[in-house]
Amino acid sequence: MGVIYRAHDPALGREVAIKLIRADLLDDATDRAEFLARFNHEARAAARCAHPNIVTIHDFALHDGNPFLAMEYVAGETLAAALRREGRFASDRAVAVMTQVLDALGAAHAMGIVHRDVKPANVMLLPDRRVKVADFGIARMESAGLTQTGTVLGTPSYMSPEQCLGEKVDGRSDLFSAGAMLFELLTGAPPFPGRTFTAIVRALTDPAPFDPGPRAAGVPPDLMAVVQRALAKRAADRFATAAAMTAALRLVPDSALAEAPGEAATRVLMAHTHPAGFDPAVLATIERRLAAHVGPIARHLVREAAHEGGSLDALCTKLAVGIEQEAARTAFLRAVQSTMTNASAAVAERQGTAQGTAQGSVQGSVQGTVTSGTAAVALAGAVLDRVRHDLTLVLGPIARVLVSRAAAEGGTERALRRRLAAHIANEAERARFLGDDI
């Protein structure tokens, strides 16, 4: 029905993807008018879906009578292509992909938009492991009334039973499709295979509950239980919302996700230990900082990047690429800069091979005197303990190293807190750490 171009927007100086719809292929004037009306409504609906996991619609119009969409250009590959190359995904990676897909669907459903064609070919994987859902081209806006009962749109292997029958659909139909896609990620094959459209539809509309059978071998039972609920034949038996399905996926224990077979699973199992060469406290701090910008996927991104090796600086730079907004990217790098600077000291202190600086507060008191300008000030162990405790609540274990190093510059407790506050990116957390009662 169309062709996609990679193009340049000269007004805004950016690359875009242009999807030109061949409406001229509709010879019947009535069909053509209906198609253009549907396109107009659904393009407006899709353009309202502003979400990090949805391909952005910048503009839409007509060219020589044919409609086109100007969309965000995504440099990546489709999930379908990745499946062809890899066969199946490790459990934790499949869950990481699916939670992002569900976040996108949840945002669309909240605006009354049903995608209606959720499948691997419509999911884009970016190099930094972010996911974007594309092609809301056959989405249905609840108030539009243009996609009537009896109209079957979608890809058979991923359609819900009610969609196959041309019945009214809602967000739970997309969740069925998401479940079908998750099953394929975990097993390497769609849940309802068939050589013909009729065979697939017969399997989908059979009222018998979906039985994965031996195909589920090696898939964690807790995870397969989520898939089976998503693939319930009756919409009422599925998850009510995308958020509910996401919550169920996040309840699957990490230990279960690490049980998937194969080389990928070995990598997952290793991810639950600490990658060689990186301090676990440092990685935990970086993960926490990244999560503020990208959400729970931060855990997977940090562990994958860490196992690829390289320097800590390269690790943080790689992770920063996944943050879309430049200001947020800069804030992330600024927040972890101190972590990178102090990583080697953290390792040394944990191993007991480095004894910090002049204050050496391991025994809970400062030995000797440190200077601040021309004034010599001894910071009591109780003061350092209090500051260390407060900073740990914000930054985690790395606080111990930061406090030890900052205390070497001496001064009052307030001066020490002001120096340490530079490591706290969140304004509210920084204000609480500084306090007014010191």
Side-chain angles (χ1 to χ4, degrees), residues 51-53 79 88-110 118 123 129-131 133 158 160 170-188 191 209-213 215-262 264-274 280 283-284 287-288 290-304 396:
H51 188 274
N53 296 120
L79 184 56
R88 58 190 292 186
F89 281 22
S91 297
D92 76 323
R93 187 180 175 202
V95 169
V97 169
M98 188 51 55
T99 52
Q100 293 184 73
V101 170
L102 290 169
D103 283 348
L105 294 176
H109 295 168
V118 178
V123 175
R129 297 302 177 97
R130 283 184 298 136
V131 170
V133 180
Y158 307 95
S160 66
D170 58 22
R172 293 171 297 181
S173 179
D174 280 348
L175 299 186
F176 183 96
S177 302
M181 191 164 66
L182 179 55
F183 182 88
E184 184 170 3
L185 290 176
L186 295 168
T187 67
F210 169 68
D211 181 9
R215 293 179 295 171
V219 178
D222 288 347
L223 186 52
M224 186 52 64
V226 175
V227 174
Q228 287 181 274
R229 182 174 176 185
L231 292 176
K233 299 296 181 65
R234 295 176 62 249
D237 296 331
R238 298 173 206 147
F239 295 100
T241 63
M245 185 172 172
T246 298
L249 287 173
R250 287 177 177 158
L251 285 175
V252 177
D254 285 350
S255 58
L257 297 182
E259 292 172 2
T266 302
R267 185 174 65 251
V268 175
L269 188 59
M270 290 173 59
H272 292 277
T273 63
H274 302 302
L283 290 183
E287 178 184 320
R288 190 161 46 251
L290 185 63
H293 302 286
V294 302
I297 189 65
R299 180 181 63 176
H300 301 278
L301 297 179
V302 171
R303 288 173 175 172
E304 286 282 347

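Just so you know, these numbers use all the heavy atoms, side chains as well, and skip hydrogens, waters and symmetry mates. Index from 1, following the sequence.
Considering CG of L182 and OG1 of T187, their distance stands at 9.0 Å, rounded to 0.5 Å. Here the CG-CG distance, from L175 to D170, works out to 8.5 Å after rounding to the nearest 0.5 Å. Atoms CG and CG, on L102 and D174 in that order, are 10.0 Å from each other to the nearest 0.5 Å. Summarising the geometry, atom CE belonging to M98 is positioned 8.0 Å from atom CG belonging to L249; distances are rounded to the nearest 0.5 Å. In this structure, the separation between CE on M181 and CG on L79 is 6.0 Å, given to the nearest 0.5 Å. Atom OG1 in T99 sits 8.5 Å away from atom CG in N53 (nearest 0.5 Å).
Side chains of Q228 and F183 form no contact here, defined as non-hydrogen atoms less than 4.5 Å apart. Taking the side chain as every heavy atom from C-beta outward, V227 and P212 never approach each other to under 4.5 Å.
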>> Would R93 and R129 count as a side chain to side chain contact (heavy atoms under 4.5 Å, CB included) here? Give the steps.
In response: CA-CA 9 Å; R93 187 180 175 202; R129 297 302 177 97; 3.5 Å; yes
> Where do E287 and L283 land on the side chain to side chain contact (heavy atoms under 4.5 Å, CB included) test, with the steps shown first?
Replying inline: CA-CA 6 Å; E287 178 184 320; L283 290 183; over 6 Å; no
> Are V133 and V118 close enough, and set up right, to give a side chain to side chain contact (heavy atoms under 4.5 Å, CB included), and what steps lead you there?
Replying inline: CA-CA 8 Å; V133 180; V118 178; 5.8 Å; no
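Residues passing the side chain to side chain contact (heavy atoms under 4.5 Å, CB included) test with R238, sequence neighbours excluded: S160, P161, E162, R172, F176, A232, A235.
The two residues A180 and Y158 make their nearest non-hydrogen contact at CB-CD2, 4.0 Å. Here the closest heavy-atom approach between residue A216 and residue M224 is recorded as CB-CE, 3.8 Å. Here the closest non-hydrogen pair linking T246 and D103 is OG1-OD1, 4.3 Å. The two residues G179 and L231 have their closest heavy-atom pair at C-CD2, 3.8 Å. Taking both residues in full, the closest heavy atoms of R88 and G188 are given as CB-N, 3.9 Å, listed atom of the first, atom of the second, then distance.
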